[in-house]
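Inspection log for the structure reproduced underneath, given as structure tokens.
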Amino acid sequence: MTGADTVMLTISNLSYRYGNKPLLNDLSLSLSDHEVLCLLGESGSGKSTLLRIIAGLEKPLHGEVHWNGAKINNLPPDKRNFGLMFQDYALFPNRTVAENVAFGLEIKKGLSKKMIRERVNLLLDQISMTSFSNRRVTELSGGEQQRVALARSLAPRPHLLMLDEPLGALDHSLKHALLAELREILGKNGIPAIYVTHDQEEGFSIGDRIALLHDGRIIQNGSPESVYRNPASVWAAKFLGHQNMTPAAAISANKVECKLGERLSRLEVNLNHDLILGQKIHLLFHELTIEDNADSFKYRMDGSVKDVIFKGSAYEIHAEIAEGTIFSVWSKRSREIGEKIVIPFSSDQISVLFT
């Protein structure tokens with residue numbers, strides 16, 4: 001996404017109830033042209049419901065959905081020209097691969113058989129399945145079915161493509177292989193897309209921008225790097241897989257006090273605004289490494305090795321910083337269980353988290 005991109009989809013103050021339970025609560029979100037937005041949230045957080053509201057399949061309690069500046073709340077689904085791809089793909093078992101891809105084109109007016117055939121051939125080439133054209137979809141693997149479903153969704157040239165857990169039914173190795181292909185195909189077609197998943201690794205691999213959905217609201221959105229490195233809350237940090245957190249209290253506008261093992265540490269933190277004296281917060285420590293000589297670092301914490309995991313180019317060490325507090329740190333060499341270690345760090349490696 002660049003500064004020149006046009007905002008195409010705007011969702012304003014959207015709310016929805018499932019029975020008596022609020023599911024979406026005053027939610028606002030936007031999507032720019034050519035952008036792939038990854039919507040991340042826990043199962044049951046309302047991600048799929050939001051897609052169905054955008055598609056026109058569900059009505060919100062209140063709030064507005066605009067496309068290219070026009071309000072579309074009351075526009076029927078078939079008039080929106082939005083594509084929606086589900087986890088189960090919903091392919092037609094009695095149709096061939098080519099016939100599945102052609103389905104959305106066949107129900108559009110004004111397209112000749114030649115135009116349909118050319119569009120289908122182009123998409124089959126993009127998903128590297130030209131030779132599968134005449135096969136029944138029941139003869140395909142899960143990954144191949146996923147590609148056909150994507151091609152079928154792209155065939156009518158939708159204004160917006162929405163993908164709801166499209167890789168959820170695939171095993172990890174196949175999912176990893178298809179992510180790069182999926183991103184390339186979305187990029188080639190240039191269609192703005194919303195990609196829904198609860199899998200953080202999947203989301204960060206495919207999204208130009210990440211939006212975190214929690215308690216019915218978008219609590220944070222931004223580039224994958226900024227969202228990962230600077231989670232907006234303790235919940236966001238835990239959801240994104242961060243482990244190295246500890247409670248702290250503000251002792252000045254930019255200094256905090258926390259217990260790191262037996263050491264009561266007073267640390268300077270980098271913030272865009274001042275802390276309030278006594279304010280309760282959490283600290284998140286990034287990219288911690290074990291150093292044999294930590295004298296050149298401003299701060300340090302001590303720990304004891306509880307587990308060692310070989311990760312190819314380095315070792316992930318689970319270190320007990322205090323009783324019941326385990327941090328994940330890195331080492332260039334293996335360590336012995338029970339070994340006493342020193343973990344140096346600087347203010348740049350600390351993020352302040354609020355509840």
Side-chain angles (χ1 to χ4, degrees), residues 1-9 11 29-41 47-48 50-52 54-55 67-68 80-91 97 100-105 119-130 132 140 142-170 174-213 221-225 227:
M1 186 177 65
T2 68
D5 284 336
T6 303
V7 174
M8 299 302 296
L9 177 71
I11 300 166
L29 188 65
S30 65
L31 177 72
S32 294
D33 199 14
H34 306 298
E35 181 182 28
V36 177
L37 171 68
C38 180
L39 184 62
L40 269 175
K47 304 185 299 297
S48 298
L50 178 58
L51 293 193
R52 291 178 63 83
I54 296 170
W67 178 259
N68 201 18
R80 300 190 185 196
N81 192 26
F82 293 166
L84 183 54
M85 177 180 163
F86 296 101
Q87 179 177 330
D88 61 4
Y89 312 143
L91 297 173
V97 167
N100 265 278
V101 176
F103 175 77
L105 298 169
R119 177 67 175 160
V120 169
N121 289 340
L122 173 64
L123 285 164
L124 288 178
D125 180 62
Q126 282 190 10
I127 64 172
S128 302
M129 291 190 67
T130 300
F132 291 73
L140 304 180
E144 290 163 349
Q145 290 184 20
Q146 186 266 350
R147 294 181 192 180
V148 175
L150 177 62
R152 188 181 65 180
S153 298
L154 289 168
R157 292 186 173 88
H159 297 321
L160 167 68
L161 181 61
M162 294 177 282
L163 303 100
D164 191 1
E165 301 274 7
L167 306 181
L170 305 179
L174 183 56
K175 183 185 297 188
H176 184 76
L178 285 173
L179 273 172
E181 293 181 18
L182 184 55
R183 183 172 177 83
E184 182 182 1
I185 292 167
L186 291 175
K188 282 181 179 177
N189 284 270
I191 297 169
I194 301 176
Y195 189 102
V196 159
T197 181
H198 65 275
D199 186 313
Q200 301 91 321
E201 181 181 354
E202 189 178 325
F204 282 103
S205 297
I206 201 149
D208 298 315
R209 184 159 56 94
I210 304 293
L212 297 184
L213 176 60
N221 82 77
S223 70
E225 182 179 1
V227 169

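Rounded to the nearest 0.5 Å, atoms CG (L122) and CD1 (I127) are 10.5 Å apart. Between atom OG1 of residue T6 and atom CG of residue N68 there is a gap of 8.0 Å, rounded to the nearest 0.5 Å. The line from CG of L84 to CZ of R52 is 7.5 Å long, rounded to the nearest 0.5 Å. Here the OG1-CG distance, from T197 to L167, works out to 7.5 Å after rounding to the nearest 0.5 Å. Atom CD of Q126 is separated from atom CG of L154 by 7.5 Å, given to the nearest 0.5 angstrom. Atom CD1 of I194 and atom CD of E35 lie 9.5 Å apart (nearest 0.5 Å).
In plain terms, the two heavy atoms of N189 and R119 that are nearest each other are OD1-NH2, 4.0 Å. In plain terms, the two heavy atoms of L31 and A193 that are nearest each other are CD1-O, 3.8 Å. For the residue pair A155 and L123, the shortest heavy atom distance occurs at CA-CD1, 3.3 Å. In terms of heavy-atom proximity, V7 sits nearest to S30 at CG1-CB, 4.1 Å. Contact record, L91 with R152: CA-NH1, 3.6 Å, taken as the closest heavy-atom pair. Between M85 and S153, the closest heavy-atom pair is CB-OG, 3.6 Å.
Between L9 and L37 there is no side-chain heavy-atom pair separated by less than 4.5 Å. Looking only at side-chain heavy atoms (C-beta outward), V148 and V101 come within less than 4.5 Å of each other. Residues L182 and Y195 form a side-chain contact, since some pair of their non-hydrogen atoms from C-beta on lies under 4.5 Å apart. Two residues are said to be in side-chain contact when any heavy atoms from C-beta on lie closer than 4.5 Å; I210 and F204 meet this criterion.
Side chain of E202 to main chain of L179: no donor-acceptor pair is present (N/O by atom type, distance under 3.5 Å, no hydrogens or angles). Proximity of a side-chain donor or acceptor of R80 to a complementary backbone N or O of L160 within less than 3.5 Å is not detected.
Between S48 and D164, the side chains place a donor N or O and an acceptor N or O closer than 3.5 Å (distance only, hydrogens not considered).
Counting non-hydrogen atoms of other residues, nucleotides and ligands closer than 6.0 Å to CZ of R183 gives a total above 12.
Under the 30°/60° scheme for interplanar angles, the aromatic rings of W67 and H159 are found to lie parallel.
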